[in-house]
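Basis for what follows: all heavy atoms, side chains included, without hydrogens, waters or symmetry-related copies. Note on naming: letters A, B, ... go to the chains in the order of the sequence lines (proteins, then strands), and numbering restarts at 1 for each one.
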2 protein chains.
Amino acid sequence: MVIAVSTVIFALRSGEAESDHDPARPGLWLPLVRRIRPPFEGQWALPGGPLRRDEDLEAAAARTLQATTALEPSYLEQLYAFGTLDRAPASASERVVSIVYWALVDSEEATRAAETENVHWFSADDLPDLAFDHDVIIEYALWRLRNKVEYARIAHAFLGDTFTLAQLREVHEAILGRTLDPANFRRQIEAGNTIVPTGKRVTGTSYRPPKLYRYNQAIEPVDRGPLGSSARRRPSSDGAEASAGPPDSAG
Amino acid sequence: MVIAVSTVIFALRSGEAESDHDPARPGLWLPLVRRIRPPFEGQWALPGGPLRRDEDLEAAAARTLQATTALEPSYLEQLYAFGTLDRAPASASERVVSIVYWALVDSEEATRAAETENVHWFSADDLPDLAFDHDVIIEYALWRLRNKVEYARIAHAFLGDTFTLAQLREVHEAILGRTLDPANFRRQIEAGNTIVPTGKRVTGTSYRPPKLYRYNQAIEPVDRGPLGSSARRRPSSDGAEASAGPPDSAG
DNA sequence: ACAAAAGTGTTCGATGTACACCCATGC
DNA sequence: GCATGGGTGTACATCGAACACTTTTGT
């Protein structure tokens, strides 16, 4: 019996017209690796690998992310543990239990993400055939992401240090797949004091220059569930299963 | 490296005055087992055990539940996978990754739950010292339960086939730890058509007899995330007895 | 008739949504 | 000035909390 750790990695990419609509609007992309051995040889799959004996689960997820994208995740959370008996074809020599994480990577840096023969980025709207049930896993990760963006402060994980409200709104729109009212979005964000204005503005626009904001680090960066690190927060509402890494215990 | 599966089992118990307030109000209780070997020998811990080679994760959780309470869970969902290196004392011979489930058992039947020298039920408000970080795990499970009862139809997992609105409200109150307005609760429940009136009423009351309701099986039993839906649904009793687990896949 | 809980109606504030409108800048 | 997106104001529907009130039974 083997424990593997895989990660669904999301980044936001603009342009790259390929999807159905408005090519200017950014969308969700994720890197997949080509399997180089059976089962499912040649098919695309989530990056991952066996858990090392001296390695935390989360560290293993970060390692696979590093190995494929060469980037640091700005957000990392456990998704689910998959362990039914039928996950691999009968030909498989040993049973595998996969603990899957999902991660967000910074949009700016994602542009220099590694892309090789066996590592390729795909639009979340246009995925190839995947090995195992990885399509289901990605579907689940997408659901979790969309759910969580509505109540947790994770959208900024796609952006740099400073950003305009329009950029933040674009992130939300890309994740949710629909447009949002700029006026109402502004008020909702301002209502929580999750962001704080830097004094600066964008320059070089052909219109009124927008203010630049920064995330308010004083506030808990994101609701990762009651166990997130040592301090526990009272979450407003958890859309579903949630939380990142609670400490641990054996049993 | 070993994979273990543990389960946080919740039941609702009335009376048993022991807590702080109103002894008539039911509260959350859960069974713990006494460890009979190091580490933490003699301390209370979550029921669980090693995952068998030919056993699904969910089946393993159900098995531990069966072993301790001798009851079938009316709800079973994966909670989290715990796997940090420091979960067991250094003395431990091997590293353990625990995949923890949480379950709800029917309140009526829970009264005949097994209680032995090494299996004891505790009030969730009054837990003993626990082995490992099981206190944190239980805290997390409680948080998840309280969170989920507000948007998913899980409360009925504590009740029998038919029930009054007052009973359903009591379940919610016990989980949330506060009283709810009967009038508003009625409307909220009736708004979703999650329950359907049986023609019957309770008899033998000394006041106006309340209607008996039954859960509407036609509706998705519970929000288990996007994967619960796509996959199979248990045709059994009222449908709430499944788990949250997405099917699975390897990698 | 009375007590007790079932069940109904109404008001109020918070929140989300739609949309009209003004503001500031580059051209 | 004009176009464009930044930013503000406002009206309306929805939803949950609070609470007064009526109904129905057993005793």
* Looking at every strand, decide which applies to Ala191(A) at a 4.0 Å heavy-atom threshold: base, sugar-phosphate, or nothing. => nothing
* Pair Arg144(B)-Asn147(B), side-chain donor/acceptor within less than 3.5 Å -> no
* Please check if any side-chain donor atom of Thr64(A) sits under 3.5 Å from a side-chain acceptor atom of Thr7(A), or the reverse. => yes
Taking atom [atom1] of [X] as the centre, does the number of heavy atoms from other residues, nucleotides or ligands within less than 6.0 Å exceed 12?
X	atom1	answer
Asp161(A)	CG	no
Arg146(A)	CZ	yes
Glu115(A)	CD	yes

* Heavy-atom closest contact (Leu71(A) atom, Gln66(A) atom, distance) -> O-OE1, 3.8 Å
* Structure fact -> Assert: residue with more 5' nearest nucleotide on DNA chain C, out of Arg208(A) and Asn184(A), is Asn184(A)
* **First of Lys211(B) and Gln188(A) reached from the 5' end of DNA chain C, by closest nucleotide** => Lys211(B)
* What are the bounds, 5' to 3', of the part of DNA chain C that sits under 4.0 Å from heavy atoms of chain B? -> dA4(C) to dT10(C)
* To do: Please name all residues satisfying side-chain contact (heavy atoms from CB on, under 4.5 Å) with Val202(B), sequence neighbours left out, ordered by chain then number.
  => Thr164(B), Thr205(B), Pro210(B), Leu212(B)
* **Plane angle bin for Tyr215(B) and Phe163(B) - parallel if under 30°, tilted between 30 and 60°, otherwise perpendicular** => tilted
* With DNA chain D as reference, determine whether Tyr213(A) or Tyr207(B) sits nearer its 5' end, using the nearest nucleotide of each. => Tyr213(A)
* To do: Please find the earliest and latest nucleotides of DNA chain D, in the 5' to 3' direction, that have an atom within less than 4.0 Å of any heavy atom of chain B.
  => dG16(D) to dG26(D)
